[in-house]
Undergrad: 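Just dropping this structure here.
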Amino acid sequence: LTLAVVLPRRNLTYPWAWPRVGPAVSLAAAAVNSRRDLLPGFALRWVFGDSEDRHGVCSEMAAPLVAVDLWLAHRPAAFLGPGCVYAAAPVARFTGHWQLPLVTAGAEAHGFDDKSEEFRLTTRAGPSHRKLGELGVQLHRRFNWTRRALLVYWDETAGDRPYYFAAEGLYVQLPTVRNLTVMDVVFRDGGNFSFIIQEIKAKGR
C-alpha cells in the first residue's frame with residue numbers, strides 16, 4: 001500500500017512542513033509494517049511530492065500537479081496533505097474524484113466542512129475555523145451579546161490568508177444567534193488606522 005504525501009519540502013513556517021512531519025511518517029510506516037496483524041499481506045510505503053512553488057510557499061498550482069503525478073505513477077491508497085487551504089482544496093477535489101481518502105492537519109477553512117460532494121473524503125486532524133465560530137456563538141449566548149458583532153481582522157491577498165479564513169468561521173456561525181447583526185472591517189499593511197477606528201466606533205455598538 002502506498003501513501004502519497006504532499007507537503008512543503010523546506011518552509012518551516014508551516015506546521016505541516018516535511019522536516020517536521022517526515023520523521024513521524026517514517027516512524028508510523030515502520031510501526032505499521034512491524035505489526036503483521038494490521039495489514040496482513042501488505043507493506044506500507046510512502047512517496048513524497050513538494051507543494052511549494054519556486055518561492056518556497058504553498059502553491060495551489062504545484063500541489064494538484066504533484067498530486068496527479070503521484071497518482072499516475074504510484075496509484076496510492078490515500079493522501080496525506082496538503083495543509084494549506086489553497087493547496088488542499090484542488091487536491092481534495094481530485095482525491096474525491098479518485099475515491100481516495102485525504103488526511104490533513106490543515107485545511108481549516110469553513111468550506112471544507114461540506115461533506116456532501118467535493119470534500120466528502122477529506123479528514124482534518126487539526127483545528128477548524130468552524131469550531132472557532134461555534135465558540136463565538138457560545139460566548140455571545142453566554143454573555144447575552146445579542147445585537148451586534150464586529151469582526152476586525154488583518155488580510156493579505158497573497159499567501160494562505162489565515163486571518164481571513166479564521167474570521168470566516170465567525171462570520172458564518174455568528175448569524176445563527178437570533179437577530180444578531182454581523183459586520184466586518186478589514187485592514188492591511190499600510191492601511192488607514194484612523195479610518196478603522198472610526199469604523200469600529202460607528203459599527204461596533
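We count residues from 1, following the sequence as given. Please read all numbers here as calculations on a predicted model, not as lab measurements.
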Undergrad: Atom NZ of residue position K131 - does it have more than 12 heavy atoms of other residues, nucleotides or ligands inside 6.0 Å?
TA: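 12 or below, so no.
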Undergrad: Consider side-chain contact (heavy atoms from CB on, under 4.5 Å). Of T123, V85, T104, which one does F112 pass it with?
TA: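 Single side-chain contact (heavy atoms from CB on, under 4.5 Å) partner of F112 among T123, V85, T104: V85.
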Undergrad: Considering only Ile, Leu, Val, Met, Phe, Trp and Tyr, and joining two whenever side-chain heavy atoms are under 4.5 Å apart, list the other residues clustered with M61.
TA: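 None; M61 is a cluster of one.
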Undergrad: Is the Y86 to F165 ring centre distance short of 6.0 Å?
TA: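 Ring-ring flag for Y86/F165: true, centres closer than 6.0 Å.
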Undergrad: Side chains of T2 and R45: do they bring a donor and an acceptor to under 3.5 Å?
TA: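 Side chains of T2 and R45: pair found under 3.5 Å.
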Undergrad: Please determine whether the number of non-hydrogen atoms from other residues, nucleotides or ligands lying under 6.0 Å from atom CZ of R75 exceeds 12.
TA: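 Atom CZ in R75 is packed in, count exceeds 12.
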Undergrad: Would you say V66 and V57 are hydrophobically clustered, going by side-chain heavy atoms of ILVMFWY under 4.5 Å?
TA: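 They do not share one cluster, since no chain of ILVMFWY contacts under 4.5 Å joins V66 to V57.
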Undergrad: Parallel, tilted or perpendicular: which one describes the rings of W71 and W98, with boundaries at 30° and 60°?
TA: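 It falls in the parallel class, under 30°.
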Undergrad: Distance from R141 atom CZ to T146 atom OG1, nearest 0.5 Å?
TA: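 If we round to the nearest 0.5 Å, R141:CZ and T146:OG1 are 11.5 Å apart.
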Undergrad: Is the distance between the ring centroids of F48 and W18 under 6.0 Å?
TA: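 Yes, close enough.
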Undergrad: Is it the case that atom CD in Q99 sees more than 12 heavy atoms from other parts of the structure closer than 6.0 Å?
TA: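 More than 12 heavy atoms, drawn from other residues, nucleotides or ligands, come within 6.0 Å of this atom.
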Undergrad: Taking atom NE2 of H129 and atom CD of E168, what is their separation to the nearest 0.5 Å?
TA: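 That separation rounds to 8.5 Å.
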Undergrad: Please tell me whether Y14 and V21 are part of a single hydrophobic cluster in this structure, the criterion being side-chain heavy atoms less than 4.5 Å apart.
TA: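 Yes, same cluster.
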Undergrad: Could you identify which residues cluster with L27, counting Ile, Leu, Val, Met, Phe, Trp and Tyr as linked when any side-chain heavy atoms lie under 4.5 Å apart, either directly or through a chain of such contacts?
TA: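 Besides L27, the cluster holds no residue at all.
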